[in-house]
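Working notes, beginning with the structure itself.
What you see below is based on every heavy atom in this structure, not just the backbone, and it leaves out hydrogens, waters and symmetry mates. Reminder, nothing fancy here: chain letters follow the sequence lines and each chain counts from 1.
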2 protein chains.
Amino acid sequence: MSADTARPRRRADAERSIARIVTAARATLSTDPHATVDDIVKAAGVGRMTLYGHFRTRQELVEAALADALRAGEETLAHVDLTGDARDALTRLLESSWSLVAESAALVEAAQGVLPAGRMRELHAAPAERLNELIERGRRQGVFRTDLPVFWLINTVHYVLHGAAEEIRAGRLDSADAGRVIVATVQAIVAVPVGTGGTASA
Amino acid sequence: MSADTARPRRRADAERSIARIVTAARATLSTDPHATVDDIVKAAGVGRMTLYGHFRTRQELVEAALADALRAGEETLAHVDLTGDARDALTRLLESSWSLVAESAALVEAAQGVLPAGRMRELHAAPAERLNELIERGRRQGVFRTDLPVFWLINTVHYVLHGAAEEIRAGRLDSADAGRVIVATVQAIVAVPVGTGGTASA
DNA sequence: CCTAACTCGTACATTCCCATACGAGTAAAC
DNA sequence: GTTTACTCGTATGGGAATGTACGAGTTAGG
């Protein structure tokens, strides 16, 4: 799966260039999803031909940047304790996740415009699966709702997280409040509903 | 405010062309947010110069298309009964809103990439204000939560609606289920939370 | 009917951005 | 220390999309 196995060999020099390019791509695309290849080249402080020597197309570069961001996120999220009450576990997961999502929201947007939907799903498989298992467990524990499909809950959490990123970027939501607001919102979404909602057919 | 007052006069011919163009722009951009001017011209069955005779730039055209979609939406939503229990009113509003949002989701996306954020807010002022008043009323009734800022609740509803549109477009969510799922989700978001959430600091 | 507004087709200028060609320098790796 | 992979600058091709030029035809409207 990793790029190491496929390539026969690579000089340490090249390795460093690739790292610089991917890092610059992540940073640049996370600021401006419409960033051009030249922008990334300049940010990386590297020659244009060097970039195209390692990434044949812009699409490949965007994919590499997104994959790198997700891999970094995985390293952080792998340390989150997901045992015990599923609600508490979800809170911990969200508190570790939201800032990651906020940082890479623009990058994800850039990737969505370039990569096919199926590839995007593949790349997000790991975090999606983690949340999936947590929600299923919470359902078995009886603390999460079962009247809505799991995929909907998972994706809605994503939409809320990306929405929060947008709110922060627009200056409407303070980063200090974001964690609390996000946790409260998502917990409400997945919790078992109390009544049937309102006076219903009163 | 309306375009009639500004223009000194316009031939009935032109009026019809503009209507055809705006309608075609709405339909085309709602299918593909990246639709080109030529695509819209072809869909409208009108000459390219005719379009540029009425809309000086593509941005103007997108704005007109979005404004038209929102105006049509307003006509529908104005008839929704928002009296009585705020929860029931919200359900009625959502059931009338979600399909409108789903239809124009791509159009909104197209506009977001072209129009400044402030202009987008202005155009969405009417539906946002309607939801704002409803939420504030529900708070006074004690049926909606007060621990989260109103703007957050409003915008989160938008994000959920757009997310639902995306799920439908991707074929994961059935249109027949959409209403129920959306209502259940949004009601959960705005409802007064029961416990403090989970075992908390147990 | 006759004037002015409107329409249309096609070609074109402009602008952006992706991707490539080329040749010369530089640093890694055995 | 020599080979080979890698790097770099610049110039250039190629495609796509926006907006304009021009001239002729057509329709509304008084």
Side-chain angles (χ1 to χ4, degrees), chain A residues 3-4 6-25 28-29 31-66 106-107 109-116, chain B residues 3-4 6-25 28-29 31-66 106-107 109-116:
Chain A
D4 316 342
R7 291 273 163 221
R9 208 152 41 118
R10 211 156 38 184
R11 245 169 57 175
D13 198 355
E15 209 83 44
R16 219 178 344 173
S17 287
I18 293 178
R20 289 182 68 180
I21 291 170
V22 170
T23 302
T28 306
L29 290 172
T31 297
D32 173 21
H34 292 46
T36 177
V37 174
D38 276 321
D39 294 336
I40 296 170
V41 160
K42 281 174 193 163
V46 91
R48 181 182 187 76
M49 283 315 295
T50 303
L51 189 151
Y52 275 105
H54 296 295
F55 303 93
R56 232 178 309 173
T57 169
R58 184 198 139 100
Q59 175 174 338
E60 249 182 48
L61 176 59
V62 172
E63 179 167 341
L66 179 61
L107 172 58
E109 187 191 331
Q112 271 172 338
V114 171
L115 302 182
Chain B
D4 316 342
R7 290 277 165 219
R9 203 143 53 114
R10 210 154 40 184
R11 244 168 60 174
D13 198 353
E15 209 83 43
R16 220 177 344 174
S17 286
I18 292 178
R20 289 182 69 181
I21 291 171
V22 170
T23 301
T28 307
L29 290 172
T31 298
D32 173 20
H34 292 45
T36 178
V37 174
D38 276 321
D39 294 335
I40 296 170
V41 160
K42 281 174 192 161
V46 89
R48 182 181 186 72
M49 282 316 296
T50 303
L51 189 151
Y52 274 105
H54 295 295
F55 303 94
R56 233 177 306 171
T57 170
R58 185 196 139 99
Q59 175 174 338
E60 249 182 48
L61 176 60
V62 173
E63 179 167 339
L66 179 61
L107 172 57
E109 186 190 333
Q112 270 171 338
V114 171
L115 301 182

Please determine whether a side-chain nitrogen or oxygen atom of [X] lies at a distance below 4.0 Å from atom OP1 or OP2 of [N].
X	N	result
A/Arg56	C/dT20	no
B/Arg16	D/dA28	yes
B/Thr36	D/dA16	no
B/Thr57	D/dG19	yes
B/Ser17	C/dT7	yes
B/His34	D/dA17	no

Query raised in the report: Hey, which of these two, B/Asp38 or A/Ala14, hits DNA chain D nearer its 5' end, going by closest nucleotide?
Result: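 Closer to the 5' end of DNA chain D: A/Ala14.
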Query - Earlier contact from the 5' end, DNA chain D, for A/Val46 and B/Gln59 - result: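 The residue mapped nearer the 5' terminus is A/Val46.
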Report task. Find out whether A/Val37 and A/Val41 are in side-chain contact, i.e. whether some heavy atom of one side chain is under 4.5 Å from a heavy atom of the other. Result ->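 Yes, their side chains come closer than 4.5 Å.
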Query raised in the report: Given side chains that start at C-beta, do those of B/Glu60 and B/Thr57 come closer than 4.5 Å, heavy atoms only?
Result: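 Yes. Closest side-chain heavy atoms under 4.5 Å.
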Separation of [X] atom [atom1] from [N] atom [atom2], in whole Å?
X	N	atom1	atom2	value
B/Arg58	D/dT20	CZ	C1'	18 Å
B/Ile40	D/dA17	CD1	C1'	12 Å
B/Leu51	C/dT7	CG	C1'	12 Å

Query raised in the report: Could one point to a donor on the side chain of B/Arg48 or the base of D/dG19 with an acceptor on the other under 3.5 Å away?
Result: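 Donor-acceptor pair under 3.5 Å: yes.
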Requested in this report: Assess whether one donor atom and one acceptor atom, taken from the side chain of A/Arg11 and the base of C/dA29, lie less than 3.5 Å apart.
Outcome: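 No, no donor-acceptor pair under 3.5 Å.
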Requested in this report: Heavy atoms only: give me the nearest B/His54-B/Ala14 pair and the separation to one decimal.
Outcome: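 Looking at all heavy atoms of both residues, the shortest contact is CE1-CB, 3.6 Å.
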Query raised in the report: Which heavy atom in B/Ala35 sits nearest to a heavy atom in B/Arg58, and how many Å separate them?
Result: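 Smallest interatomic distance, heavy atoms only, reads O-NH1, 2.5 Å.
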Query raised in the report: Between D/dT18, C/dC18, D/dT20, which nucleotide has the shortest distance from any of its atoms to the side chain of A/Tyr52?
Result: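 Out of D/dT18, C/dC18, D/dT20, the nucleotide with an atom closest to A/Tyr52's side chain is C/dC18.
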Requested in this report: Starting at OG1 of B/Thr36, measure out to CG of B/Leu29 and round the result to the nearest 0.5 Å.
Outcome: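 B/Thr36 atom OG1 to B/Leu29 atom CG measures 10.0 Å (nearest 0.5 Å).
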